[in-house]
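What follows is one structure encoded as structure tokens, with my remarks underneath.
The residues of the chain are indexed from 1 along the displayed sequence. Only a predicted model underlies this, so the values are computations on that prediction, with no experimental measurement involved.
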Amino acid sequence: MLKVMIVDDEPWVLEGLRTMVDWEKCGFEVCAEALSAGEALRLIREHRPDLLLTDINLPVMSGLELIAAVKETVDPPPRFVILSGYDDFNYARTALRHKVDGYLLKPVDDEEIEELLGKIRAIIHYETASRKEERKKHNILVHNLISRCVQGDWSEELEHAACGLLGLQPDTELQCILAAAISGSGTVSLNEGDTEGFPDHLGYVFQDPAGRAGLLIRSAGLSTEALEAAAAQVQKVQSAKLGVPVAVMISGRGNGLRAVQELYTQTLEVWGLKYRKERGGIFYYNDLRTARLSPEFTDGHFTRVLDEVKEGVPERIRAAAREAFAAMTAKRVSIDAAQAEVAHLEMTLCRSIAEMQGDPDQIMCAMHKEYGNLGGLTDYYKLSLYVDRLCLETAAYLTELRANNEGNTIYNVIQYVDLEFRSKLQLQDLARQFHMNSAYLGQLFRKETGRSFSDYLNEKRIEAAKSLLKRTQLKISDIAVQVGFSNTDYFIDKFKNKVGSSPSVYKNAHNNKQL
């Protein structure tokens, strides 16, 4: 059940809205009420409502000022609906342009508020699902980015991506932690967001090519004692989960993305030299005093492959991949360096999918299921098969996403019309705004709504006019202008065709049911 909070300086309004609206039927429950904006701000932090229903005229701070304050202090903010008297009508219209989801004129019509609540409920559910999906996509990109760095894949492009995704700067101090079971078939698994003992947002989970769980942490300001306590928590929890001893290896400290592969190598050295002599525990690279290793790395061989994937022609994709592997063979690039290049290719393709609102996991899970971890592809033949399949599947998925995004564009157009229907809207202007051909936009609009653009626009305006006719004493000509009709006779003609009676007859005959 979604939570709604009501703010009004009139106690009888709060009572009426709370008791006479069937909130449960609309999918909401009233979690709090407030008589002032100050009280509302305090209660919002406590109850975190999904919807804030507020009067526009409040003492000391107006409803719009309250909304602005909430947006600054609550993330994500709730949805907003304002209540206003007719005198505030133009003020309320201005509010809609400030991302307010709707307004209700007093006295409130129960049918209108239920209809509005239904729309907002759908928006909230959609946005909640979208945030979860975006978080999932973000987590996949973060995992892939760190995994590429672990395998020695560094570039300025990757560093820029790390800055955007993780906020990592070249001077950000980092440490790498690797956790692995000493014996048995159990695999250590750190779930996304579960840094088990580390402060929130301090660690980024990844999995290395051998399936071991890793954690990249921001170590600046983290004391040795705090680090050891957090690592001990990881070791304790994972050992209990698997029923076998777990070793936790901790690297030295390094700065920026360039250091990630070196830090990971340090944990591998600890794993190779220490874990066989102990029954689990926490082990530090600095205690070993061993020299670090720097594997060979080259890049740039898959540039043309990426271009061909965007074009989507299978034969050209295969040809470009063959050329890339031929070039690496001629240069005698080591298999480790080749794996690193393929890892970078993976990350770039995943980013292209995510930028088009796709799910990279849809491709990567299938690839890993068939081919296993990239680190297990230990010769050029296996790598070439992997690259072929990866690129062909990605190209097909990108083509599908481009088609789907057309539907997303028309959805945005419809949302815009729903918000701005009172303004002077022309199909040609909308087409320019959304970078589409006007004739094609008209076809998409009819396909999506079942009506032409002009019919849809007139219906929205007439529904708004019906609401004004029920509760105001405006002249018919004034109502026509308010809802977007510049010609009163045209408005009357369209109203009669849609409703079956003239606006004046509708106004006189309607028995308004009010709270």
Side-chain angles (χ1 to χ4, degrees), residues 139-140 142-152 166 173-254 259-290 292-293 343 364-365 368-369 372-376:
N139 292 341
I140 291 170
V142 168
H143 178 275
N144 286 337
L145 186 151
I146 296 176
S147 297
R148 302 300 75 83
C149 295
V150 159
Q151 296 178 61
L166 310 177
E173 188 178 84
L174 301 170
Q175 278 184 278
C176 184
I177 294 176
L178 199 65
I182 294 296
S183 61
S185 58
T187 301
V188 173
S189 176
L190 299 177
N191 295 323
E192 184 59 45
D194 178 15
T195 52
E196 309 218 26
F198 288 91
D200 292 341
H201 310 301
L202 196 63
Y204 306 102
V205 174
F206 67 92
Q207 190 173 44
D208 79 352
R212 291 175 290 248
L215 190 62
L216 186 68
I217 63 167
R218 298 169 182 258
S219 54
L222 188 64
S223 68
T224 302
E225 293 76 15
L227 174 63
E228 184 164 1
Q233 178 69 6
V234 171
Q235 197 269 342
K236 176 182 176 182
V237 170
Q238 293 299 327
S239 294
K241 283 182 180 179
L242 299 178
V244 298
V246 168
V248 175
M249 288 65 66
I250 302 177
S251 74
R253 302 192 182 208
V260 171
Q261 194 269 341
E262 178 185 327
L263 297 176
Y264 167 68
T265 299
Q266 292 176 5
T267 64
L268 288 185
E269 290 185 51
V270 180
W271 171 251
L273 297 176
K274 193 75 174 177
Y275 88 94
R276 293 182 179 87
K277 302 176 183 177
E278 306 282 351
R279 291 192 57 78
I282 301 170
F283 309 103
Y284 293 87
Y285 171 77
N286 289 341
D287 293 337
L288 299 179
R289 307 185 190 285
T290 57
R292 68 175 182 248
L293 303 175
M364 298 313 303
C365 284
H368 292 162
K369 183 177 180 180
N373 290 314
L374 189 57

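For the residue pair Val246 and Gln235, the shortest heavy atom distance occurs at O-NE2, 2.9 Å. Across every non-hydrogen atom of Tyr284 and Leu227, the tightest pair is CE2-CD2, 4.4 Å. When all heavy atoms of Leu216 and Phe206 are compared, the pair lying nearest together is N-CE2, 4.0 Å.
Atom-to-atom distance recorded for Glu262:CD and Cys176:SG is 11.0 Å, nearest 0.5 angstrom. In this structure, Ile282 CD1 and Gln233 CD are separated by 10.5 Å, a value rounded to the nearest 0.5 Å. Taken from CD1 in Ile250 to OG1 in Thr224, the straight-line distance is 9.5 Å, to the nearest 0.5 Å. Here Leu263 contributes atom CG and Ser251 contributes atom OG; the two are 4.0 Å apart, rounded to the nearest 0.5 Å. The line from CD of Glu173 to CD1 of Ile217 is 9.0 Å long, rounded to the nearest 0.5 Å. In this structure, Arg253 CZ and Leu174 CG are separated by 10.5 Å, a value rounded to the nearest 0.5 Å.
Remark: side-chain polar atoms of Thr267 are paired, donor with acceptor, to backbone N or O of Tyr264 under 3.5 angstrom.
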